[in-house]
Colleague: 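Here's a structure for you.
All values reported here derive from a predicted model rather than from experimental measurement. We name chains A, B, ... by the order of the sequence lines, and we start the count at 1 in each one.
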Protein chains: 2
Amino acid sequence: MGKSKFILIYNALSEKIHKQEIAAGSLLPTENELGEQFKASRETIRKALAMLSRNGYIQKIQGKGSIVLDVSRQNFPISGLTSFRELANHSKDTWRTNVHQLVLMKPDDHLKMVMNLHDDQMVWKVIRSRSVNGEAVILDKDYLIQGLVPILTADICEHSLYDYIENDLGLKIGFAKKEITVEHAGVEDKRYLTMSRDTHVVVVRSLVYLESAELFQFTESRHRADKFRFVDFARREHQ
Amino acid sequence: MGKSKFILIYNALSEKIHKQEIAAGSLLPTENELGEQFKASRETIRKALAMLSRNGYIQKIQGKGSIVLDVSRQNFPISGLTSFRELANHSKDTWRTNVHQLVLMKPDDHLKMVMNLHDDQMVWKVIRSRSVNGEAVILDKDYLIQGLVPILTADICEHSLYDYIENDLGLKIGFAKKEITVEHAGVEDKRYLTMSRDTHVVVVRSLVYLESAELFQFTESRHRADKFRFVDFARREHQ
DNA sequence: TAGTGGTCTAGACCACCTT
DNA sequence: AGGTGGTCTAGACCACTAG
């Protein structure tokens, strides 16, 4: 849960950095000082700092200290798993979700292979489009294993599917493998998306797993190319 | 360096997983057992396991153990910073780099803003294309700060720029911020790339920083859309 | 209940930067 | 030389899963 001491320290420090209460370019207090401030041992402080470093808040330099990085200059979405709803809440635009299809189906061969399904497993297929200011710019095709999600309604799909999954069903998402490619717009794209003169869509295919390591969902998210943007922070692993 | 005990343990275990000496879906030995095997304390083992978890090798489950994930099924490039040369070495295709331009220049206003440069700082501008089996599919435009890279030759640019930077100059890359978008092909794309009937390119813009947190390089990497693929592994942070 | 991973601690030693 | 972060240890307690 969110009550580990090092998570609390991480949250406190990342908030200070976001609010620019600690200036970018300056040094964080030393690990020993932070230990006194938060009444924590040095290893606990170091866990919080390692998390800040992974997420692009600080750069640690041996013998010197932890430099605060400039989080404001770049639009900086902590790269990871965020649902559409979480994204939409951060922006000023009006988003809307339309559910075009919701069926319980027998998976075809391709889907069975991709999701590694048994013969008797049924999946929910959900097709939704996401509109910003009246323009449909994202087409989402979700496939969810019925064994894990027994019931699904259009109403749930129109609001937040992830809310339902995590809060109501109590399932916990663990990780996802994603693949990004660019493809020609297909029939469904033209039907459901407000296509500009562009003829391409960015396709993000994800395999989503629970904390139990069970595969849970396959998603194909098709973005109008001119509206797509992906931001990433990556550290070099010197081994 | 790469001689930390937990890195050695990480390498040993990740290699075993890659070689499928430990089957996907099975459990790793317990942390205490691993501690005995590697003659390390539990916290050191846990550091190695945390790294395996971050990189998609295992899923830890409290009270149960560490499940080995299927690394083989997906083509699985540890998402992070890898240079062109490192990528090319993994594939069977013949790659080739062509240097089209190499100049020391005064940055224009836009570049000065993006890279946060002083008035007197000069930058190396390098334009290169990358060909696979004779087709030019990637166009790289690099801008390197001359204060950090005093000398640069076409020969270096044609071989590995990163080798030179890390081994000869002794600079250490720390992290990068990347942004991926899709854009219409421009004049330069048409000149340097073997364009198929596609009219779009995927543009990856990166700000690359040293371990000292100094900005070092700005890169615009333009990929022929049909040859672009980006794979990512992401964990959900439950806070 | 026993065994697993999750967290936290206090202390030690090393490598690196600064003066 | 003194202070910083980097690593490692041994031990403790908690939370969760299993039989």
Colleague: State the CG-CG distance between A:Leu169 and A:Leu148, to the nearest 0.5 angstrom.
Modeller: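 Between atom CG of A:Leu169 and atom CG of A:Leu148 there are 9.0 Å.
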
Colleague: Rounding to a whole Å, what distance do you find between A:Lys3:NZ and D:dC14:P?
Modeller: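 It is 13 Å, rounded to the nearest whole Å.
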
Colleague: Rounded off to whole Å, could you give me the CD-to-C1' distance for the B:Glu211 and C:dC17 pair?
Modeller: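 In whole Å, C:dC17 C1' and B:Glu211 CD are 14 Å from each other.
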
Colleague: Between A:Tyr10 and A:Glu15, is there a side-chain donor-acceptor contact under 3.5 Å, judged purely by atom types and distance?
Modeller: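 Their side chains do not contain a donor-acceptor pair, so the 3.5 Å distance test is not met.
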
Colleague: Measure NZ/B:Lys47 against C1'/D:dG5 and give the value in whole Å, please.
Modeller: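 These atoms are roughly 11 Å apart.
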
Colleague: Of all the choices, D:dG6, D:dA10, C:dC8, which nucleotide is nearest to the side chain of B:Ser41 once you look at every atom?
Modeller: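 Of D:dG6, D:dA10, C:dC8, D:dA10 is nearest to the side chain of B:Ser41.
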
Colleague: Once you round it to whole Å, what is the distance between P of C:dT9 and CD1 of A:Ile45?
Modeller: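 For the pair A:Ile45 CD1 and C:dT9 P, the rounded distance is 8 Å.
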
Colleague: Among the candidates C:dT9, C:dT7, D:dC8, find the nucleotide nearest to the side-chain atoms of B:Ser4.
Modeller: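 The closest nucleotide is D:dC8.
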
Colleague: Could you give the OH-to-P distance, from A:Tyr10 to C:dT7, as a whole number of Å?
Modeller: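 The distance from OH of A:Tyr10 to P of C:dT7 comes to 15 Å, rounded to the nearest Å.
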
Colleague: Measure up the A:Tyr143 and A:Phe218 rings against each other and bin them: parallel (under 30°), tilted (30 to 60°), perpendicular (over 60°).
Modeller: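 Aromatic pair A:Tyr143/A:Phe218 classed parallel.
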
Colleague: A:Thr44 side chain: which of C:dA15, C:dT9, C:dG5 is closest?
Modeller: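 Shortest atom-to-atom distance from the side chain points to C:dT9.
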
Colleague: When you check the phosphate oxygens OP1 and OP2 of C:dT9, does a side-chain N or O of A:Lys5 lie under 4.0 Å from one of them?
Modeller: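 True: A:Lys5 side-chain N/O within range (under 4.0 Å) of C:dT9 OP1/OP2.
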
Colleague: Closest to the B:Arg42 side chain: D:dT7, C:dC8, C:dT7?
Modeller: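 Of D:dT7, C:dC8, C:dT7, C:dT7 is nearest to the side chain of B:Arg42.
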
Colleague: For A:Leu49, report the nucleic acid contact type (base, sugar-phosphate, nothing); a contact means any heavy atom under 4.0 Å.
Modeller: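 A:Leu49: no heavy atom of the nucleic acid under 4.0 Å.
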
Colleague: Rounded to whole angstrom units, what separation is found between the NZ atom of A:Lys60 and the C1' atom of D:dG5?
Modeller: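 In whole Å, D:dG5 C1' lies 6 Å from A:Lys60 NZ.
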
Colleague: Mapping A:Gln62 and B:Ser66 to their closest nucleotides on DNA chain C, which lands nearer the 5' end?
Modeller: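 That would be B:Ser66.
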
Colleague: Between A:Lys64 (NZ) and C:dC16 (P), how many Å, whole number?
Modeller: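 Roughly 15 Å, once rounded to whole Å.
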
Colleague: Under 3.5 Å for both donor-acceptor distances, Watson-Crick or wobble: does D:dG19 have a partner, and if so which one?
Modeller: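 Partner of D:dG19: none.
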
Colleague: Is the ring pair B:Tyr209/B:Phe175 parallel, tilted or perpendicular, if the boundaries are 30 and 60 degrees?
Modeller: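 The arrangement is parallel - the two ring planes meet at less than 30°.
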
Colleague: Starting at CE of A:Met51 and ending at C1' of C:dT7, how long is that distance when rounded to a whole Å?
Modeller: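 Rounded to whole Å, this separation is 14 Å.
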
Colleague: Would you please indicate yes or no on a ring centroid separation below 6.0 angstrom for A:His159 and A:Tyr164?
Modeller: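 So the answer is no for these two rings.
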
Colleague: Let's see if you get this right: which residues in residues 27-39 of chain B place a heavy atom under 4.0 Å from DNA chain C?
Modeller: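 Heavy-atom contacts with DNA chain C come from B:Thr30, B:Glu31.
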
Colleague: Are A:Glu43 and A:Lys47 close enough for a salt bridge, meaning some N to O gap below 4.0 Å?
Modeller: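 No.
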
Colleague: Check if the side chain of A:Glu43 and the base of D:dC8 share a donor-acceptor pair of N or O atoms closer than 3.5 Å.
Modeller: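 Yes.
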
Colleague: Can you find a side-chain donor-acceptor pair between A:Arg205 and A:Thr219 that sits under 3.5 Å?
Modeller: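 No pair is found: no donor N or O on one side chain lies under 3.5 Å from an acceptor on the other.
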
